[in-house]
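Presented below is the structure to which this report refers.
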Amino acid sequence: MSVESTPEGANLGSPAELPPSPDKGMFGIQGTGDVSGFGGLVRRRPTTADTPRPFGGYFDEVHDALEEAYPGFADAIEKVVVDRGELTLHIKPERIAEVCQIMRDDESLRFELCSSVDAVDYLGSDNRRFHVSYQLTSMTYRRRVRLEAAVADGVSLPTVTSVYPTADWQEREVYDMFGVVFAGHPNLTRILMPDDWEGHPQRKDYPLGGVPVEYKGAEIPPPDQRRVYQ
Amino acid sequence: MTSQTTSGAGYATERETTEGRVFNVTGGDWDTITGGIDPLSNEKIVVNMGPQHPSTHGVLRLVLELEGETVTQVRPVVGYLHTGIEKNLEYRNWTQGTTFVTRMDYLAPLFNETGYCLAVEKLLGITDDITERANTIRVLFMELNRISSHLVWIATTGMELGAISMMLYGFREREYILDIFEETSGLRMNHAYIRPGGVAQDIPDSAIRKIRDLLVYLPKKLKEYEAMLSGQVIWQERTQGVAVLDVTGCLSLGITGPVLRSAGLAWDLRKTMPYCGYEDYEFDVPTATSADVWGRYLVRMAEIRESLKIVEQALDRLKPGPVMIADKKIAWPAQLAVGVDGMGNSLEHVAKIMGQSMESLIHHFKLVTEGFRVPPGQVYVGIEHPRGELGVHAVSDGGTHPYRVHYRDPSFVNLQAIPAMAEGALLADVIAGGASLDPVMGGCDR
């Protein structure tokens with residue numbers, strides 16, 4: 001038997017190397033072929049394009065009322081997005097408390113209630129990865145608006161607790177879960193996790209699971225690493 | 001017995017720390033503590049109440065600073081029931097999310113599910129495609145759930161204020177409603193019944209008969225409870241003028257729901273920002289003006305009656321039809337049925353995908369393992385939960401999993417009111433005030 005006619009690896013006890021296929025894998029599958037659903041963990045950048053005017057509904061009114069009441073409007077607003085019937089005003093983080101004050105007190109705005117404060121970690125798609133959003137509700141006009149302020153890791157933004165005292169615990173939760181610091185908060189400590197916990201669990205680079213359990217050195221792998229389909 | 005207990009022995013063991021003297025109290029030995037303290041040099045007592053305390057509604061911990069029996073400072077400590085549900089959601093597909101969120105506020109699971117599903121449907125842009133029957137069932141079940149949640153409130157609050165019989169009656173009636181849920185979804189609690197696109201399966205006729213019976217049965221019982229509590233002097237003394245919080249206080253602290261309505265503001269999202277077709281139902285928003293625990297009791301009792309009105313209307317509107325959206329790319333492929341061991345795939349569906357249609361099998365497999373994709377974007381949906389506004393902020397990056405889901409749980413926000421309600425009042429009023437907020441720690445800590 002001549003050496004030339006033997007396929008590569010055939011008599012070495014290792015499997016034959018198949019020529020690489022650039023676009024299709026086994027059974028004609030493209031991509032990872034992952035049917036576990038964890039393929040969905042590959043993150044894409046969400047669309048946050050500026051919405052052109054008119055915004056429709058009461059959104060124009062809110063926008064114009066804020067512009068009129070707030071002298072620093074042009075400088076503070078980064079972007080206006082209307083999506084799925086919701087208005088999001090992207091605010092410069094250092095201005096968020098000022099804007100909230102106007103939103104609450106101005107007669108044509110009257111957002112008396114701060115329904116919710118929370119954050120989203122856009123790791124890998126935005127340099128200012130933490131987007132803190134404030135869901136404001138106007139009980140007078142029955143309107144909702146979302147303010148969004150984006151900060152990079154380690155950058156703080158002013159607290160809104162002096163305007164909306166209800167934000168107290170919610171800002172603590174954002175700090176606890178993401179490590180975002182709210183400057184001027186009266187008591188910025190952990191709220192849901194134990195006081196001595198290390199890390200901020202809702203960050204995208206913080207794993208789920210993978211925590212050693214105190215039983216024969218066992219460890220539970222994170223769910224996205226438990227099964228591999230390759 | 002207290003006089004025999006010497007310091008350092010018996011119930012209340014004591015030790016000296018840098019903070020002062022610390023006692024460990026386990027039960028009814030308050031006299032030991034007060035007897036062991038010199039009233040001149042130790043006026044202030046710091047009491048750690050909870051997290052394991054029968055009157056704190058689950059694992060809520062209150063650090064109280066007392067001068068005599070007057071509370072000078074309260075610091076609520078939460079987080080003992082944090083289970084990372086929001087983080088877990090990011091690792092499961094959109095449909096699996098329902099089984100997680102239902103476990104947050106375990107007394108109002110159907111509200112957690114509905115809030116989540118409304119958010120997912122808004123992200124998908126299919127809000128208007130939800131079938132009439134699915135929406136009616138959602139309203140029907142949410143109102144039944146509101147009744148069962150308020151029944152637990154009246155039961156536990158009764159117990160905490162000394163009306164133990166109320167506890168037994170409240171839980172008895174709640175169990176009847178849970179039977180209706182079990183008959184329909186297979187589970188008493190944590191149903192995962194409301195799914196993105198509709199509900200998991202139709203209501204059986206037997207459950208509808210049970211609901212009809214409830215409509216006759218419960219009003220009579222409500223009268224009994226009111227006969228038992230409302231004229232009761234102890235109940236009045238423990239609730240009237242206790243834990244007052246006016247509208248200004250409520251709004252600044254973000255308090256919604258019965259607590260806000262007890263202060264006189266008729267803010268109810270079912271009326272002010274309707275969803276699921278609530279605008280088509282006739283009901284009133286009960287309010288009180290006393291802004292105290294008594295007012296919250298009146299509001300909740302009236303709300304049970306209003307919910308019964310909605311349940312009756314929903315039953316009348318229940319016309320035959322599909323309970324899941326027609327779009328097969330979203331609708332869960334299985335026809336579910338309640339078997340002897342709970343809810344599962346119906347045998348007919350299994351026979352079809354395994355025996356007749358390869359395409360159905362592939363479709364089922366892809367949708368169940370991978371799930372549907374949701375276009376990128378973010379939404380906020382607020383619904384009226386038994387305790388106030390339940391807000392769901394859902395963010396999608398276009399994948400088969402939620403990118404982020406945040407719950408604005410009313411228990412979490414409302415608990416911030418405890419210091420405002422309790423400071424300056426008596427220790428016993430902390431219990432009444434805390435109970436009147438109706439906190440559920442599963443929802444608070446998530």
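Chain naming here is simple, since letters A, B, ... match the order of the sequence lines and numbering starts at 1 in each.
Only the side chain of B:Leu260 comes within contact range of chain A, judged by heavy atoms closer than 4.5 Å. Heavy atoms closer than 4.5 Å to chain B are found in the backbone of A:Val117, but not in its side chain. Neither the backbone nor the side chain of B:Asn93 has a heavy atom closer than 4.5 Å to any heavy atom of chain A. Residue B:Pro410 does not touch chain A at all, counting heavy-atom pairs closer than 4.5 Å. Contact annotation for A:Glu86: only side-chain heavy atoms (C-beta onward) come within less than 4.5 Å of a heavy atom of chain B. Interface remark: A:Asp121 contributes backbone atoms only to the contact with chain B (heavy atom separation under 4.5 Å). In this structure, the portion of B:Thr256 lying under 4.5 Å from any heavy atom of chain A is its side chain and not its backbone. A:Arg146 touches chain B through its side chain: at least one heavy atom from C-beta onward sits under 4.5 Å away, while N, CA, C and O do not. Heavy-atom distances place both the backbone and the side chain of B:Gln416 under 4.5 Å from chain A.
Around the CG atom of A:Asp205, the shell of radius 6.0 Å holds more than 12 heavy atoms that belong to other residues, nucleotides or ligands. Counting non-hydrogen atoms of neighbouring residues, nucleotides and ligands closer than 6.0 angstrom, the CD atom of A:Glu107 reaches no more than 12 such neighbours.
Annotation: side-chain hydrogen bond (donor to acceptor under 3.5 Å, both in side chains) contacts involving residues 178-188 of chain A, sequence neighbours excluded, comprise A:Asp168-A:His185.
Contacts with chain A were tallied for B:Ser252, B:Gly382, B:Cys444; B:Ser252 has the most, counting heavy-atom pairs under 4.5 Å. Of the residues considered (B:Ala417, B:Pro375, B:Gly391), B:Pro375 shows the highest number of contacts with chain A, using heavy-atom pairs under 4.5 Å.
Counting heavy atoms from C-beta on, the side chains of A:Arg84 and B:Leu123 come closer than 4.5 Å. Taking 4.5 Å as the limit, every side-chain heavy atom of B:Glu86 sits out of range of all side-chain heavy atoms of A:Met177. Side chains of A:Thr88 and B:Gln378 form a contact here, defined as non-hydrogen atoms less than 4.5 Å apart. Residues A:Pro201 and B:His82 have side chains not in contact (no heavy-atom distance under 4.5 Å, counting atoms from C-beta outward). Side-chain contact check for A:Gln170 versus B:Val413: some heavy-atom pair is nearer than 4.5 Å.
Pairing each heavy atom of B:Tyr91 with each of A:Tyr206, the nearest pair is OH-O, 4.0 Å. The nearest pair of heavy atoms linking A:Tyr122 to B:Tyr403 is CA-OH, 3.3 Å. Shown here for A:Asp83 and B:Gly377, the closest heavy-atom pair between the two residues is OD2-CA, 3.9 Å. Closest approach of A:Trp169 to B:Phe412, counting heavy atoms only: CE3-O, 3.3 Å.
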Sequence neighbours excluded and cut-off under 3.5 Å, please list the side-chain donor-acceptor pairs for residues 149-158 of chain A, or say none.
from: A:Asp153; atom 1: OD1; to: A:Arg203; atom 2: NH2; distance (Å): 3.0
from: A:Asp153; atom 1: OD2; to: A:Arg203; atom 2: NH1; distance (Å): 3.2

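In this structure, the separation between CZ on B:Arg404 and CD on A:Gln202 is 4.5 Å, given to the nearest 0.5 Å. Atoms OG and CG, from A:Ser115 and B:Leu390 in turn, are 11.0 Å apart once rounded to the nearest 0.5 Å. In this structure, A:Ser133 OG and B:His406 NE2 are separated by 8.5 Å, a value rounded to the nearest 0.5 Å. Annotation: the span from A:Thr166 atom OG1 to B:Arg408 atom CZ amounts to 6.0 Å, rounded to 0.5 Å.
Contacts of B:Tyr275 classified as side-chain contact (heavy atoms from CB on, under 4.5 Å), with partners at least two apart in sequence or in another chain: B:Leu118, B:Met142, B:Leu269, B:Arg270, B:Tyr278, B:Ile383, B:Glu384.
Within residues 136-144 of chain A, the residues having any heavy atom less than 4.5 Å from a heavy atom of chain B are, in residue-number order, A:Thr137, A:Ser138, A:Met139, A:Arg142, A:Arg143, A:Arg144.
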